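Chain naming here is simple, since letters A, B, ... match the order of the sequence lines and numbering starts at 1 in each. On a predicted model such as this, the values are computed, not experimentally measured, just so you know.
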Amino acid sequence: MTTEPSPAKSMDAIMALCKRRGIIYQASEIYGGINGFWDYGPLGAQLKKNLRDAWWEDMILRPCWGRSGPNGRPVRCVPLESRIIQHPKVWQASGHVGGFNDPMVDCKETKNRYRYDHVSVFVPASGDPGDKPLFAFMKDAPSETKQQKKAEKAFGQVKVVPLTTIPVPQFAKVLGPDAEKVGTLTEPRQFNLMFKTYIGATATEDDVAYLRPETAQGIFVQFKNVVDTTRVKVPFGIGNTGTSFRNEVTPRNFTFRSREFEQAELEFFCHPDESFEWYKFWRDFRMEWWKSLGLAGENLILREHEKDELSHYSVGTSDVEYRFPFTAPGFGELEGIAHRGCFDLTQHQTHSGDKLEYFDQDRGEPLPNGSRKGERYIPHCIEPAAGLDRGVLALLCEAYTRDESRASPEFLKLHPRLAPVKAAVFPLVNKDGMPEVAEKLHAELSARFWRQGAVEMDEKQSIGKRYARMDEAGTPYCLTIDGETLTNLTVTLRDRDTGAQQRIALDKAGDFIAGKLVS
RNA sequence: GCGGGCGUAGCUCAGUGGUAGAGCGCUACCUUGCCAAGGUAGAAGUCGAGGGUUCAAGUCCCUUCGCCCGCUCCA
């Protein structure tokens, strides 16, 4: 059985609203824009901050809303702020340099991509190949024997040379490893998925550094310092939010695949024997967390990776995925929850030479004095890694609503906790003492809620336009001062999603809003 | 990276070689007593950028940048 998915939302309409209301702008727009970069306008910057704060509150300050982990104890997490630029060796240890900094050749026929320096070629043992092709292959791959047979048939005696020794113009004569036709290999291209930069004003090749492609490595690199200086005990987590950079081949889909983006990552360290329990715990909590912010419903799924999808070191990974208008009926990743085993700490231990083991004094055989002998191990790590920009985009897509039956057909159903504007105060008409009362209420509410977002005051134009403006900005509540307010100290409170109004006491307005700002 | 579409005011768009337009929004004033009401006035675009053809280019040609879509890629 399939339920009818929610009516398709137009990405164009969402993007237009984002521009119109100052949520998201194209970066460097007056210079023609820059591919893969987006700025946040006033409303967007506050919306994103509210999401980041929600993550910080629910993951660091009071992890998992105060509930206990699988060990029956409160979950403990501490924050970290690691740098965008790390020692270049960090990225060698993590595998980011080795695997993806090499020139690649593409096969235009088979769409396969090969590492340039891994491709070999069968050529005649002596002499010129004439008009016969050169047979490229990958060592220890099916292409090796297949191509060898063809080469021997063509040339008799053959020898092997690396593709790197073949001049690029000669590629026209090369038969790709898995191709049927010759000349399908592209010239070698560098795929630098990491942004390169130079440290120091002289900027020679010796000074190369990279902008981080993920915040996670900064956490692993400081793991030992955190353990040594903060009295944390495994199991515990270290969280870090911040900007990362990836030279995506194809930035696409609004902010979804940007080259500069913000992550909110937690690395949760635990004993290997408990790691699977913690993995399941985090996977389920993260899903619940996104739901609490308004991504409930069939547009949000938790997808467990298949075995062949897993990284070589991972024993389990799940993605929280959202059905964006541009991925529908498919889904796009919002957050990955990965069981990374002890891969990262082990890598950094090897590359740095520093011991990154943890000495666990709660484990090991009991001693006569009541304590334990202790156990030394490299903790396993569970990594819930969320994309904040993708989160904002998903929340906007989910919140965007069109209802032609309303006077204000287009509005954002943002959760009050995330809404950049928490409330607005209107004098019903701009006279008869109403503006004065409105200004007083506005000042009170601003003083109370400025940490969470703006409280706006608007006395311009008709009341309907003012409601509509607030609907578009996703403001959950509007408070209107009318003639009755002046006599009995009540105001009308209008709900963004239903348009329904109720009268509440003027001095209870703040408490009402405060009650709605928690998840 | 390949292929297709698009780019004119804040937004949506009209304008097929001859004086840059409309609707909405925005600003000011008036009006207005609960859902984008009405009136008056106003601001706002070197038509994505660069080059070319032409007496004349938003319009035709070339280049380039950006956005969207489909493949490809996504450690």
Problem set entry | Listed partners of A:Tyr198 passing ring-ring contact (aromatic ring centres under 6.0 Å, His included), at least two apart | none
Problem set entry | Spacing of A:Glu333 atom CD relative to B:C73 atom C1', expressed in whole Å | 15 Å
Problem set entry | Interatomic distance at C1', B:U8 relative to B:A44, whole Å | 14 Å
Exercise. Is A:Phe426 touching bases, backbone alone, or none of the nucleic acid, heavy atoms closer than 4.0 Å?
Worked result: nothing
Exercise. With both distances kept under 3.5 Å, what pairs with B:G42, Watson-Crick or G-U wobble?
Worked result: B:C26
For this session: Give the rounded distance in Å between these two atoms: CZ of A:Arg257 and C1' of B:C69.
Result: 14 Å
For this session: Decide if the gap between the ring center of A:Phe269 and the ring center of A:Phe223 is smaller than 6.0 angstrom.
Result: yes
For this session: Counting heavy atoms from C-beta on, name the nucleotide in B:C67, B:C69, B:A75 closest to the side chain of A:Gln26.
Result: B:C67
For this session: Would you jot down, in residue-number order, the residues of residues 382-390 of chain A having a non-hydrogen atom under 4.0 Å from RNA chain B?
Result: none
Problem set entry | Shortest side-chain distance from A:Arg246, nucleotide among B:A75, B:C69, B:C67 | B:A75
For this session: Find the distance A:Arg402:CZ to B:U12:C1' and express it as a whole number of Å.
Result: 11 Å
Exercise. How far does the C1' atom of B:U63 sit from the matching atom of B:C71, given to the nearest Å?
Worked result: 26 Å
Problem set entry | ring-ring contact (aromatic ring centres under 6.0 Å, His included) partners for A:Phe137, two or more places apart | A:Phe122
Exercise. Taking for each residue the nucleotide of RNA chain B with the nearest heavy atom, is it A:Glu248 or A:Gly36 whose nucleotide lies nearer the 5' end?
Worked result: A:Gly36
Exercise. Any side-chain N or O of A:Lys19 under 4.0 Å from OP1/OP2 of B:C11?
Worked result: yes
Exercise. When you compare B:G15 with B:A9, how far apart are their C1' atoms, in angstrom units rounded to a whole number?
Worked result: 14 Å
Problem set entry | Same-atom distance (C1') from B:G48 to B:G66, integer angstrom | 7 Å
Seminar exercise, completed: ring-ring contact (aromatic ring centres under 6.0 Å, His included) filter on A:Phe37, not counting sequence neighbours, yields none
For this session: For this output row, return yes or no: ring centroids of A:Tyr25 and A:Trp38 closer than 6.0 angstrom.
Result: no
Seminar exercise, completed: Residue pair A:Phe245/A:Ala16 against RNA chain B: nearer the 5' end by closest nucleotide is A:Ala16
For this session: Report the distance from atom CD of A:Gln92 to atom C1' of B:A75, rounded to the nearest whole Å.
Result: 15 Å
Problem set entry | Any strand: nucleotide that pairs with B:C55 via Watson-Crick or wobble, under 3.5 Å | B:G18
Exercise. Where along nucleotides 32-49 of chain B does protein come under 4.0 Å, by heavy atom, of base (B) or sugar-phosphate alone (S), with - for untouched nucleotides?
Worked result: BBBBBB------------
Exercise. If you measure from the P atom in B:G17 to the same atom in B:C13, how many Å do you get, rounded?
Worked result: 23 Å
Seminar exercise, completed: Contacts satisfying ring-ring contact (aromatic ring centres under 6.0 Å, His included) that involve residues 455-497 of chain A (not counting sequence neighbours) are A:Phe426-A:Tyr467, A:Tyr477-A:Phe512
Problem set entry | Partner of A:Asp344 by side-chain hydrogen bond (donor to acceptor under 3.5 Å, both in side chains), out of A:Gln347, A:Arg340, A:His348 | A:Arg340
Exercise. Across all strands shown, which nucleotide pairs with B:G7 by Watson-Crick or G-U wobble geometry, both distances under 3.5 Å?
Worked result: B:C65
Exercise. When the distance from CZ of A:Phe326 to P of B:C67 is rounded to whole Å, what number comes out?
Worked result: 14 Å
For this session: For A:Asn253 and B:G70, give me the distance from atom CG to atom P, rounded to whole Å.
Result: 7 Å
For this session: Would you verify whether the NZ or CZ of A:Arg286 falls within 45 degrees of the ring axis of A:Trp282 while also being under 6.0 Å from that six-membered ring's centre?
Result: no
Seminar exercise, completed: Contacts satisfying salt bridge (charged side-chain N to carboxylate O under 4.0 Å, His left out) that involve residues 427-441 of chain A (not counting sequence neighbours) are A:Lys440-A:Glu444
Exercise. Could one point to a donor on the side chain of A:Arg252 or the base of B:G70 with an acceptor on the other under 3.5 Å away?
Worked result: yes
Problem set entry | Protein-nucleotide distance (A:Met15, atom CE; B:G10, atom P), rounded to Å | 17 Å
Exercise. Quantified in whole Å, what is the C1' atom distance between nucleotide B:A75 and nucleotide B:G5?
Worked result: 32 Å
Problem set entry | salt bridge (charged side-chain N to carboxylate O under 4.0 Å, His left out) partners of residues 453-468 of chain A, not counting sequence neighbours, each pair once | A:Asp458-A:Arg469
For this session: Hunt down the Watson-Crick or G-U wobble partner of B:G33, both distances under 3.5 Å, from any strand shown, or write none.
Result: none
Seminar exercise, completed: Of the candidates B:C73, B:A75, B:C11, the side chain of A:Thr250 sits closest to B:C73
Seminar exercise, completed: Re B:C2: Watson-Crick or G-U wobble partner, both distances kept under 3.5 Å, found to be B:G70
Problem set entry | Separation between the C1' atoms of B:C11 and B:G25, rounded to whole Å | 7 Å
Problem set entry | Salt-bridge criterion met for A:Arg303 and A:Asp319 (N-O under 4.0 Å) | yes
Problem set entry | Pairwise P distance for B:G58 and B:U19, with rounding to whole Å | 10 Å
Exercise. Who are the ring-ring contact (aromatic ring centres under 6.0 Å, His included) partners of A:Phe245, not counting sequence neighbours?
Worked result: A:Phe195
Seminar exercise, completed: Atom CG of A:Leu17 and atom P of B:C24 are separated, to the nearest Å, by 19 Å
